[in-house]
Number of protein chains: 2
Amino acid sequence: MTFVDQSIKILKKNKYKITGPRMAVLNVLEEAKIPLSAYDIEEHVPEHIPINVVTIYRVLDVFETLNIIHKVHTKEGYVRCDFELQKGCHSFAICNKCGRADEFLQEKCDLKSTLPKKLAYKSLSHISELSGLCEQCA
Amino acid sequence: MTFVDQSIKILKKNKYKITGPRMAVLNVLEEAKIPLSAYDIEEHVPEHIPINVVTIYRVLDVFETLNIIHKVHTKEGYVRCDFELQKGCHSFAICNKCGRADEFLQEKCDLKSTLPKKLAYKSLSHISELSGLCEQCA
DNA sequence: TTATAAATGCAATAATATTTTATTTGAATT
DNA sequence: AATTCAAATAAAATATTATTGCATTTATAA
Ligand SMILES: [Mn+2]
Ligand SMILES: [Mn+2]
Ligand SMILES: [Zn+2]
Ligand SMILES: [Zn+2]
């Protein structure tokens, strides 16, 4: 099942409408090789589909909430989620040279289990992003 | 040894000059309870010490390189480092309500050791930030 | 004290993100 | 097929964060 089809399924399940802007953003992110900003996405949407950047931000918000996409904070950009399951912690390895962001799962993640208790923090979410050089760029 | 004194020592050891703007930023961050943006810092500097925000960005760059401060990506703000040693991984727990960012050390951190190898990534640095509610706000 | 690399100031601009209000539309219901 | 309305979008303004290039100043060492 493609990323777009999977995303449509999740949107419907959660009572979100399938709209032009949402489809446009999904199609752009399906193909993207590196994290894209809202403005990058605006540029990648076909010209015959006009789309407002504020709308893109709102679409991205919904997609993030549904874990269809993730924000890569190190790059201020957005990427599709490469994993269907919500098991484990979705983390990123980012190449400083070519810009790619590879998602990987952390099965046992300190941040989710032991650490919040030690810190007396009620954990809601967290981000783990590693920067370095990918195999091709190393 | 205070944060400011420690920072001066590190600056000198690395052949950076001790300047007005650098001292001003150090003094602001020494007192700050939550992550501050460059513009926040500008506002906190005493009025009789004029300081350009571009300079603040440049000062912050140097401080980050020297690990005197860290950027909290979840908040787009900067905080002083609370640990002297560069041992372990410096991570943050951030309160969504009051905004405080508590630094903690991860002694054995998956991101630094095993995972980059599995991913064929040459790891240079990484960020770990947990969001939630602190003890007071929970 | 003087020389000089380092640091800063200034002006312009870029990049990312949010708020508010008015209007449009997807899709469920009739 | 038409109706209905919450949900979604557009538009305009504004806010926030960050960078670049070039002229000038300054902290420190010699
Ligand atoms: Mn994911
Ligand atoms: Mn630290
Ligand atoms: Zn690469
Ligand atoms: Zn709190």
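As the structure is a computational prediction, the values presented were derived from the model and not from experiment. Letters A, B, ... mirror the listed sequences (proteins, then strands); counts begin at 1.
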Check your understanding: Which residue, Lys12(B) or Arg22(A), contacts DNA chain D at a nucleotide closer to its 5' end, judged by nearest heavy atom?
Key -> Arg22(A)
Check your understanding: Are Val45(A) and Phe3(A) co-members of a hydrophobic cluster defined by side-chain heavy atoms under 4.5 Å apart?
Key -> yes
Exercise for review: Inspect the contact between Glu76(A) and Lys71(A) and indicate whether a charged nitrogen and a carboxylate oxygen are less than 4.0 angstrom apart.
Suggested key: yes
Point to revise | Residue Tyr78(B), side-chain atoms from C-beta onward, closest of dG9(C), dA18(D), dT17(D) | key: dA18(D)
Point to revise | Among dG26(C), dA7(C), dT9(D), the nucleotide that comes nearest once only the side chain of Lys17(B) is considered | key: dA7(C)
Practice item. Ignoring the backbone of Val54(B), work out which of dC10(C), dA8(D), dT9(D) is nearest its side chain. Key: dC10(C)
Review point. How many angstroms lie between CD1 in Ile10(B) and OG1 in Thr65(B), if you round to the nearest 0.5 Å?
Key: 12.5 Å
Review point. Taking OP1 and OP2 of dA10(D), is either one under 4.0 Å from a side-chain nitrogen or oxygen of Thr55(A)?
Key: yes
Revision key, fill the gap. When rounded to whole Å, the CD1 to C1' distance for the pair Ile56(A) and dT18(C) reads 15 Å
Review point. When you measure from the side chain of Val59(B), which nucleotide among dT8(C), dT9(D), dT18(C) comes out closest?
Key: dT8(C)
Revision key, fill the gap. Ile18(A) CD1 to dA8(D) C1', in whole Å, measures 12 Å
Check your understanding: Around atom CD of Glu135(A), are there more than 12 heavy atoms of other residues, nucleotides or ligands at under 6.0 Å?
Key -> no
Check your understanding: Which comes earlier along DNA chain D counting from the 5' end, the contact point of Thr19(B) or that of Glu76(B), where each point is its nearest nucleotide?
Key -> Glu76(B)
Revision key, fill the gap. To the nearest angstrom, the OH-C1' distance between Tyr57(B) and dA15(C) comes to 11 Å
Revision key, fill the gap. Rounded to whole Å, the CD1-P distance (Ile41(B) to dA18(D)) equals 10 Å
Practice item. Scan Lys71(A) against the nucleic acid and name what it touches under 4.0 Å (heavy atoms): base, sugar-phosphate only, or nothing. Key: sugar-phosphate
Point to revise | Ile51(B) CD1 to dT8(C) P, straight-line distance once rounded to whole Å | key: 8 Å
Review point. Could one point to a donor on the side chain of Arg58(B) or the base of dG9(C) with an acceptor on the other under 3.5 Å away?
Key: yes
Practice item. Looking only at side-chain atoms of Asn52(B), point me to the closest of dC10(C), dA17(C), dT19(D). Key: dC10(C)
Check your understanding: Considering only heavy atoms from C-beta outward, does the side chain of Ile69(B) approach that of Cys81(B) to under 4.5 Å?
Key -> no
Practice item. Take the protein atom CG of Asp61(A) and the nucleotide atom P of dA17(C), then report the distance between them rounded to whole Å. Key: 10 Å
Exercise for review: Calculate the interatomic distance between Leu66(A) atom CG and dA7(D) atom P; express it in whole Å.
Suggested key: 15 Å
**Study point:** Glu43(B) CD - dA15(D) C1' separation (whole Å)
**Key:** 13 Å
Check your understanding: Do Tyr39(A) side-chain and dA14(C) base share a donor-acceptor contact under 3.5 Å?
Key -> no
